[in-house]
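Some notes on the structure that comes next.
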Amino acid sequence: MNKKVAIPFGITLAGVVLMIIMLFLPYASATSEYKEVLNQNKEGIFAQEIGMTNADAVHISLVKYARIYAAGAKSLEAVKAVAIMGIIIISAYALFAVLTLLMTILKKSIAVIVFDILALLDFWLIRFDFSDRGVIPSSRYGWGIASYLPYFLGVVVLAGAIWMLVEKKKMKEQFMSIKKQDMKYCHIWR
């Protein structure tokens, strides 16, 4: 790999790996008052279906929310539709982030750009859904670090992919220029 492509590739790869890690970081954090309540009985059960304790509920990641939704999908019909939709949009973000990673590894810049934009749009949808339903922010939970960083990381991945595309294009043009010169010299020797 050319050194000029290695730098944008590294930036893009680091950004997309962090986008995937964001699935496991706090998407929601308990407010200070609710955190005190949870910490008073750390071993108490917050979500019995998934074995989540109050200590686990101080910070909730998107993966934990997906597990909560999966447990909710087995219960009441009214909750089932919301739970299924939650699972779908969180899974879609994870899928787009993984596809962005795969396309980054394959150095397919245009595909990286497309899947990164789809991941960002889906992440916006997740945040809108949580806000619209009053899940976050609420009297109990505020936005966690993972609700902000994917926007920044998505832009980093986008910039890296565009830079990688430009560098690959320059390399191709250099190769074609050298090839034309070689053909010219081969023609002279005939």
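Sequential numbering from 1 along the given sequence is applied to the chain's residues.
The hydrophobic clustering, which links ILVMFWY residues whose side-chain heavy atoms are closer than 4.5 Å, places I50 and I87 together. Both M103 and V16 belong to a common hydrophobic cluster when Ile, Leu, Val, Met, Phe, Trp and Tyr are linked at side-chain heavy-atom distances under 4.5 angstrom. I113 and I7 are not part of a single hydrophobic cluster, where members link through side-chain heavy atoms under 4.5 Å apart. Cluster membership check: L158 does not share its hydrophobic cluster with F115, using side-chain heavy-atom separations under 4.5 Å among Ile, Leu, Val, Met, Phe, Trp and Tyr. V156 and I145 fall within a single hydrophobic cluster, where Ile, Leu, Val, Met, Phe, Trp and Tyr are joined by side-chain heavy atoms under 4.5 Å apart, directly or via other members.
Of all non-hydrogen atoms in G72 and A83, the two that sit nearest each other are C-CB, 3.9 Å. In terms of heavy atoms, A146 sits closest to M22 at CB-O, 3.4 Å. For the residue pair S29 and P26, the shortest heavy atom distance occurs at OG-CB, 4.0 Å. Residue L38 comes nearest to A30 through the heavy atom pair CD1-CB, 4.1 Å, listed as atom of the first residue, atom of the second, then distance. Between A119 and Y93, the shortest heavy-atom distance links the atoms O-CD1, 3.4 Å. Between F9 and I105, the closest heavy-atom pair is CE1-CA, 4.1 Å.
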Apply side chain to side chain contact (heavy atoms under 4.5 Å, CB included) to the pair V82 and R133, showing each step before the final yes or no.
CA-CA 10 Å; V82 172; R133 289 186 294 117; 3.4 Å; yes
Step by step, work out the side chain to side chain contact (heavy atoms under 4.5 Å, CB included) result for K64 and D56.
CA-CA 9 Å; K64 286 181 185 176; D56 296 332; 4.1 Å; yes
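With respect to Y151, the ring-ring contact (aromatic ring centres under 6.0 Å, His included) criterion is satisfied by exactly one of W124, F123, W143: F123. Of the listed residues (I90, I136, V135, I89), just one forms a side-chain contact (heavy atoms from CB on, under 4.5 Å) with D129, and that residue is I89.
Using modelled atom types and a 3.5 Å distance limit, the side chains of T31 and R140 yield no donor-acceptor pair.
Atom CG of L106 is separated from atom CG of L101 by 9.5 Å, given to the nearest 0.5 angstrom. Atom CD of E33 sits about 9.0 Å away from atom OG of S139, to the nearest 0.5 Å. The OH atom of Y27 sits 11.5 Å away from atom OG of S61, with the distance rounded to the nearest 0.5 Å. Between atom CG of residue L118 and atom CG of residue L125 there is a gap of 12.0 Å, rounded to the nearest 0.5 Å. Rounded to the nearest 0.5 Å, atoms CG (L153) and CG (D116) are 9.5 Å apart. Note that CG of D122 is 9.5 Å distant from OG of S91, once rounded to the nearest 0.5 Å.
Residue Y148 places its OH atom among more than 12 non-hydrogen atoms of other residues, nucleotides or ligands, all under 6.0 Å distant. At most 12 non-hydrogen atoms from other residues, nucleotides or ligands lie less than 6.0 angstrom from CE of M85. Heavy atoms from other residues, nucleotides or ligands lying under 6.0 Å from CD of Q48 number 12 at most.
Two residues are said to be in side-chain contact when any heavy atoms from C-beta on lie closer than 4.5 Å; Y65 and I126 fail this criterion. With contacts defined as side-chain heavy-atom distances shorter than 4.5 Å, the pair V5/M171 qualifies. When side chains are defined from C-beta on, N54 does not count as touching E43, because their heavy atoms never get closer than 4.5 Å. Side chains of L149 and L18 form no contact here, defined as non-hydrogen atoms less than 4.5 Å apart. A 4.5 Å side-chain heavy-atom check between F46 and I60 finds at least one atom pair inside the cut-off. For the pair Y141 and H59, the minimum side-chain heavy-atom distance is 4.5 Å or more.
I84 belongs to a hydrophobic cluster with I88, counting contacts under 4.5 Å between side-chain heavy atoms of Ile, Leu, Val, Met, Phe, Trp and Tyr, direct or through other members.
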May I have the list of side-chain donor-acceptor pairs in residues 159-169 shorter than 3.5 Å, sequence neighbours left out?
unit_1, atom_1, unit_2, atom_2, d
W163, NE1, E167, OE2, 3.4
K168, NZ, K107, O, 2.3

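N39 places no side-chain N or O within donor-acceptor distance of the main-chain N or O of E36, the cut-off being under 3.5 Å.
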